[in-house]
Amino acid sequence: MLNLRKNIKDMAGYVPGFQPEGEGWTKLNSNENPYPPSPKVVEAIIAELVDGGGNLRKYPDAGSKKSRKIAADLYGYDPSWVIMANGSDELLNNLIRAFAGEEDEIGYVNPSYSYYGPLAEIQGAKIRTFGLTEDHRIADFPEIYEGKIFFLTSPNAPLGCCFSNAYIEELAPRCKGILVVDEAYVDFAAENAMELVHKYENLVVTRTFSKSYSLAGMRIGLAVARPEIVAALDKIRDHYHLDRLALVAAEAALLDQDYLRMTLKKVCDTREWFSAELRKLGFQVDPSGANYIFAIPEDRNAKRIYEGLYAEKILVRYFSDPLLQHGVRISIGTHEEMALTLKAISAIG
Ligand SMILES: *Cc1c(COP(=O)(O)O)cnc(C)c1O
């Protein structure tokens with residue numbers, strides 16, 4: 001028999017969001033950005049392919065020095081505080097590998113990003129989850145949390161609520177291990193915790209290019225943390241984790257903040273309009289700082305909404321988890337896509 005490690009044999013594995021086959025779907029289930037990336041990103045990728053793609057013969061810069069410098073300048077840090085990654089998922093994985101051994105505990109809020117659990121299981125780490133109170137604080141968070149890592153998804157996925165910097169400043173000193181603020185969606189929010197990394201030595205902020213920068217297909221993320229933490233993550237990662245096209249895409253995307261602001265405004269405006277329209281239809285929609293909303297129908301029968309939209313080839317996210325089964329998570333697409341969705345929801349009645 002194969003001698004798989006017991007934790008690997010026992011674990012279910014992460015199931016990524018459904019990617020439908022065929023034409024004609026309105027895809028609002030994976031929080032992808034409806035707008036293309038900056039034209040400068042496309043130009044940079046094409047430029048990297050000059051001379052019949054001759055550059056691709058050569059390994060990429062293993063240290064992603066250029067993009068680290070650009071990100072460091074943008075966020076007000078020395079480059080030694082920044083690491084790039086093959087998607088922010090890589091960072092979450094390597095943070096666990098760096099800080100939590102077998103049987104060590106990691107914690108996070110339930111509901112939040114459903115990938116922390118499988119990553120902890122792969123490592124053989126123990127998991128402790130905490131609920132949320134009505135006013136969006138962590139329920140029963142201990143005076144001192146002894147676990148090796150606490151992941152705080154802010155804005156929360158899939159609820160969209162944000163944890164304030166004041167609250168994060170309360171939590172950081174109460175974490176004996178590191179506090180990772182997963183800011184995958186923070187560009188769509190009013191506040192972010194980036195500047196707090198200067199102040200709290202156990203704080204790590206992770207970001208992704210998959211949502212706000214419209215680059216889910218390129219697999220790019222980054223983290224800001226103390227140089228000691230960045231150095232540890234550099235030891236663990238694959239040497240050439242970012243390919244040449246991803247590196248030039250990251251650089252161009254970070255440099256085009258005007259384009260980012262323009263698409264963010266479109267998505268956020270659409271989010272506010274769509275939320276207000278859904279409330280008129282009787283849905284409960286709490287304010288969201290992300291590019292999705294969590295919508296609760298009056299009769300709390302969210303599965304019916306999911307299925308009704310599916311029949312119209314509109315794909316949203318339904319979670320069978322008892323904590324979430326009363327609502328659907330709807331990614332914010334273009335104004336036209338959301339108008340179509342509203343019409344389909346009205347027709348469900
Ligand atoms: C999308 C997402 C990620 C992963 O981002 P990638 O850069 O695509 O790996 C991490 N955390 C949360 C909360 C996300 O929603």
Side-chain angles (χ1 to χ4, degrees), residues 14-19 27-34 37 41 64 67 71 82-97 106-120 122 129 132 136 149-163 168 178-189 192-194 204-225 233 237-238 241-243 245-247 249-250 253-254 260 264 267 271 288-294 316-317 319 321 324 329-332:
Y14 179 75
V15 183
F18 178 57
Q19 303 286 351
K27 203 172 166 303
L28 306 175
N29 68 329
S30 293
N31 300 338
E32 290 146 335
N33 199 308
V41 169
S64 44
S67 45
V82 179
I83 185 166
M84 304 301 294
N86 183 0
S88 78
D89 283 347
E90 185 199 17
L91 294 163
L92 306 175
N93 187 13
N94 287 345
L95 283 163
I96 292 178
R97 291 212 269 167
I106 70 156
Y108 51 89
V109 171
N110 185 29
S112 69
Y113 188 37
S114 53
Y115 194 39
Y116 309 130
L119 286 173
I122 293 167
T129 59
L132 279 182
H136 300 144
I149 307 181
F150 191 84
F151 287 108
L152 186 71
T153 320
S154 184
N156 176 274
L159 300 177
C161 57
C162 304
F163 298 96
I168 290 167
I178 56 166
L179 173 61
V180 178
V181 185
D182 180 345
E183 292 194 333
Y185 299 100
V186 87
D187 288 328
F188 302 98
N192 69 72
M194 192 59 96
V204 178
V205 167
T206 62
R207 297 274 180 96
T208 173
F209 289 55
S210 296
K211 282 87 184 208
S212 54
Y213 287 99
S214 310
L215 288 170
M218 291 302 296
R219 315 302 308 127
I220 310 167
L222 66 79
V224 174
L233 294 173
R237 65 178 171 82
D238 288 350
H241 58 162
L242 285 172
D243 64 59
L245 304 185
L247 284 176
L254 287 170
L260 175 71
L264 288 176
V267 172
R271 176 187 70 201
S288 166
N291 66 339
Y292 51 84
I293 52 118
F294 191 75
V316 299
R317 191 79 186 261
F319 304 89
D321 184 314
L324 299 168
R329 189 194 69 188
I330 308 177
S331 307
I332 302 300

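First listed ligand is number 1; within each ligand, the first listed atom is number 1.
- Side-chain contact, Asp187 with Ser212: a donor N or O sits under 3.5 Å from an acceptor N or O.
- Residue Thr153 has at least one heavy-atom neighbour below 4.0 Å for each of these atoms of ligand 1: 13 (C).
- Close contacts of ligand 1 with Asp89, meaning ligand atoms under 4.0 Å from a residue heavy atom, involve 3 (C), 4 (C), 9 (O), 10 (C).
- With a heavy-atom cut-off of 4.0 Å, Ser88 touches ligand 1 through backbone and side chain alike.
- Using a 4.5 Å heavy-atom threshold, the side chains of Ile83 and Arg237 count as touching.
- Using a 4.0 Å cut-off between heavy atoms, Asp182 contacts ligand 1 through its side chain alone, with no backbone atom that close.
- When the heavy atoms of Leu92, Thr206, Asn156, Thr208 are ranked by distance to atom 7 (O) of ligand 1, first place goes to Thr208.
- Between Tyr116 and Tyr113, the two ring planes are perpendicular [angle over 60°; tilted spans 30° to 60°].
- Looking only at heavy atoms of the protein, atom 9 (O) of ligand 1 is closest to Arg219 NH2, 2.7 Å.
- Without hydrogens or angle criteria, Asn31 side chain to Tyr292 main chain gives no donor-acceptor distance under 3.5 Å.
- No side-chain N or O of Tyr108 forms a donor-acceptor pair with one of Asp182 less than 3.5 Å apart.
- Of all protein heavy atoms, the one closest to atom 8 (O) of ligand 1 is Ser210 OG, 2.6 Å.
- With respect to atom 14 (C) of ligand 1, the closest heavy atom belonging to the protein is Lys211 NZ, 3.0 Å.
- Ligand 1 has no atom lying under 4.0 Å from any heavy atom of Glu90.
- At the shortest separation from atom 15 (O) of ligand 1 among protein heavy atoms lies Tyr185 OH, 2.6 Å.
- A heavy-atom distance below 4.5 Å is found between the side chains of Ser67 and Leu247.
- The closest side-chain heavy-atom distance from Leu324 to Leu159 is below 4.5 Å.
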